[in-house]
Amino acid sequence: MTDASTLPGQPRGGVLSGPATARAVNVLAPNPSAMTLDGTNTWILSEPDSDLAVVVDPGPLDDGHLRHVVGTAERTGKRVALTLLTHGHPDHAEGAARFAELTGTKVRALDPALRLGDEGLAAGDVVTVGGLELRVVPAPGHTADSLCFHLPADRAVLTGDTVLGRGTTVVAHPDGRLGDYLDTLRRLRSLTVDDGVHTVLPGHGPVLEDAQGAVEFYLAHRAHRLAQVETAVEDGHRTPSEVVAHVYADVDRSLWPAAELSVRAQLEYLREHGLI
C-alpha cells in the first residue's frame, strides 16, 4: 500500500464527506464515474460563529443531493445565503437553478449564462457573507470560465476541476487552452508561496494537505506530457487519436476521449509556439 504522504499533494485519507477545515464542509454528490472520481464535492463554507453559509458547486441535478446539502447546513444552524460556481460543467452546475429555488439564493458565476441575479464574478472580487471572506482567483484552462476561490482564513483554495484530489485534470479543448492552464497553475503556485495557502479543497477527490506540492506536480506533469506529444508528432503520429494511442497507451481506454481533448489543446499550444 502506498502512503498518502508520498503522493502528490498529500491527499487526506478517510471519508470524503464532512468537515475539511474550520470553515469548509464537503457534501459528496452521488455521481461517481471515471471522470468525476468519487463524485462532485459540494462545499458549504461559513464562519464558525455565523448563521450564514455559502455553497460552492451544488453539483448535478439530483434533488436528493441538493436537499441533503441544505439539510447539512441547517443541522449546524446555517442558512445558505449564496451559491457560487467554479465553472459550468454539468457535474458542478446543472443543479444550481434548482438549488437556488430550494434556498432562495442568487447564483454567481463568471459565465453570465449561469448566473441567477445581477451579480457575476470576476478576477479580484472579494465575496463576503456572514464574516466569511472568499477571494476570486481567475483560473482559465480547464474551461474558459473556470474560477478558484481563495479562503484566506483557512489558508485554503477551492479549485473546482483545476486541481483534483487524485490524478490530473483535462484541458477541455477548444474551450480550455493549455497556455491559459499553465498560467493558472503558476498563479496557484504564487498563492502557496506568497499567501501561505497549504490546503486544496478540490471539486473531486480528497482534500490535499500540500497545495504547493500538488501544483508543482501538475506543472511537471504538463511539461512531461507536452514533451511526449511533441515527440509523438516528430515520430509521425499526426492526428489527435494517433497521439493519444501512442502517449496514453497505459491509460484506461475509457478515458481516451477525455485525453484526446487535452491532446488537441497540447497540439494547438505546440503549433502556436512553433514547436511542430
Report whether Leu178 and Leu255 are members of the same hydrophobic cluster (ILVMFWY, side-chain heavy atoms less than 4.5 Å apart, transitive linking). yes
Check against side chain to side chain contact (heavy atoms under 4.5 Å, CB included), Asp57 and Trp43: CA-CA 7 Å; Asp57 290 349; Trp43 291 101; 6.0 Å; no
Under 3.5 Å, side chain of Arg67 to main-chain N/O of Leu102, donor-acceptor pair present? no
Restricting to side chain to side chain donor-acceptor pair (under 3.5 Å), what partner residues turn up for Ser254, sequence neighbours left out? Asp252
Minimum side-chain heavy-atom gap Arg135-Pro152 below 4.5 Å: yes
Return the minimal non-hydrogen interatomic distance between Pro140 and Arg187, and the atom names on each side. CD-NH1, 4.3 Å
So how far is it from Arg155 CZ to Thr192 OG1, rounded to the nearest 0.5 Å? 10.5 Å
In Å and rounded to the nearest 0.5 Å, what is the CG to CG distance from Leu267 to Leu275? 11.5 Å
Shared ILVMFWY cluster between Val157 and Val56, side chains joined below 4.5 angstrom? no
To the nearest 0.5 Å, what is the distance between CG on Leu114 and CG on Leu84? 12.5 Å
Non-hydrogen atoms of Thr199 and Glu209 that approach each other most closely: OG1-OE1, 4.4 Å
Would you compute the distance between atom CD of Glu216 and atom CG of Leu185 and round it to the nearest 0.5 angstrom? 10.0 Å
Side-chain heavy-atom pair Val263, Val247 within 4.5 angstrom cut-off: no
With side chain to side chain contact (heavy atoms under 4.5 Å, CB included) as the criterion, how do His246 and Val243 come out once you've worked through the C-alpha distance, each side chain's angles and the decisive distance to 0.1 Å? CA-CA 5 Å; His246 181 72; Val243 173; 5.8 Å; no
With side chains defined as the heavy atoms from C-beta onward, is the minimum distance between Gln228 and Tyr248 less than 4.5 Å? no
For Pro206 and Leu16 the tightest heavy-atom approach is CA-CD2, 3.4 Å
Look at the side-chain heavy atoms of Ile, Leu, Val, Met, Phe, Trp and Tyr, link any pair under 4.5 Å apart, and say whether Leu261 and Trp256 land in one connected group. yes
Crowded around Asp194 CG? As in, over 12 foreign heavy atoms under 6.0 Å? yes
Please answer whether the main-chain N or O of Asp175 pairs with a side-chain N or O of Thr143 as donor and acceptor at a distance below 3.5 Å. no
Identify whether Leu132 and Leu158 are in the same connected component of the hydrophobic contact network (ILVMFWY, side-chain heavy atoms under 4.5 Å). yes
Looking only at non-hydrogen atoms, find the nearest pair between Glu119 and Arg115 and report the distance. O-CD, 3.9 Å
Are the side chains of Ser146 and Thr184 in contact, using a 4.5 Å heavy-atom criterion? no
Could you state the interatomic distance from CG (Leu85) to CZ (Phe99), rounded to the nearest 0.5 Å? 10.5 Å
Looking at Arg238, I want to see if its CZ is surrounded by more than 12 non-hydrogen atoms of other residues, nucleotides or ligands under 6.0 Å. yes
Does a side-chain heavy-atom distance below 4.5 Å link Thr169 with Thr162? no
Parallel, tilted or perpendicular: rings of His89 and His87 (30°, 60°): perpendicular
Output every pair passing side chain to side chain donor-acceptor pair (under 3.5 Å) with a member in residues 263-276, not counting sequence neighbours, ordered by first then second residue. Arg177-Glu268, Arg177-Glu272, Glu260-Arg264
Is a side-chain donor or acceptor of Lys78 paired with a backbone partner of Pro48 at a separation under 3.5 angstrom? yes
Nearest 0.5 Å, what's the CD1-OG1 distance between Ile44 and Thr72? 5.0 Å
Mind listing the closest non-hydrogen atom pair of Asn41 and Gly205 along with its distance? ND2-O, 3.0 Å
Using the rule that Ile, Leu, Val, Met, Phe, Trp and Tyr join whenever any side-chain heavy atoms are under 4.5 Å apart, tell me whether Leu147 and Leu182 fall into a single cluster. no
Can you list the steps and then say if Arg222 with Val171 is a side chain to side chain contact (heavy atoms under 4.5 Å, CB included)? CA-CA 10 Å; Arg222 285 297 165 190; Val171 179; 4.0 Å; yes
Is Asp195 reaching over with its side chain to a backbone N or O of Val197, donor-acceptor style, under 3.5 angstrom? no
Which of Asp91, Asp38, Thr36, Thr40 passes side-chain hydrogen bond (donor to acceptor under 3.5 Å, both in side chains) with Asn31? It is Thr40
Exercise: do Asp161 and His92 side chains pair donor with acceptor under 3.5 Å: yes
Return yes if some donor-acceptor pair links the side-chain N/O of His142 with the main-chain N/O of Val170 below 3.5 Å, else return no. yes
Judged by atom type as modelled, is there a donor-acceptor pair below 3.5 Å linking the side chain of Asn26 to the main-chain atoms of Thr42? yes
Less than 4.5 Å apart, any side-chain heavy atom of Thr168 and any of Arg225? no
Chi angles and distances behind the side chain to side chain contact (heavy atoms under 4.5 Å, CB included) call for Glu47, Arg23: CA-CA 6 Å; Glu47 284 295 316; Arg23 293 164 180 81; 2.8 Å; yes
Between Ala100 and Val107, what is the shortest heavy-atom contact and its length? CB-CG2, 3.9 Å
Check whether any side-chain heavy atom of Asp51 lies under 4.5 Å from a side-chain heavy atom of Arg79, and answer yes or no. no
Keeping Thr86 on the side-chain end and Cys148 on the backbone end, is there a donor-acceptor pair under 3.5 Å? no
Determine yes or no for a side-chain-to-main-chain donor-acceptor pair under 3.5 angstrom, with Tyr218 supplying the side chain and Leu164 the backbone. yes
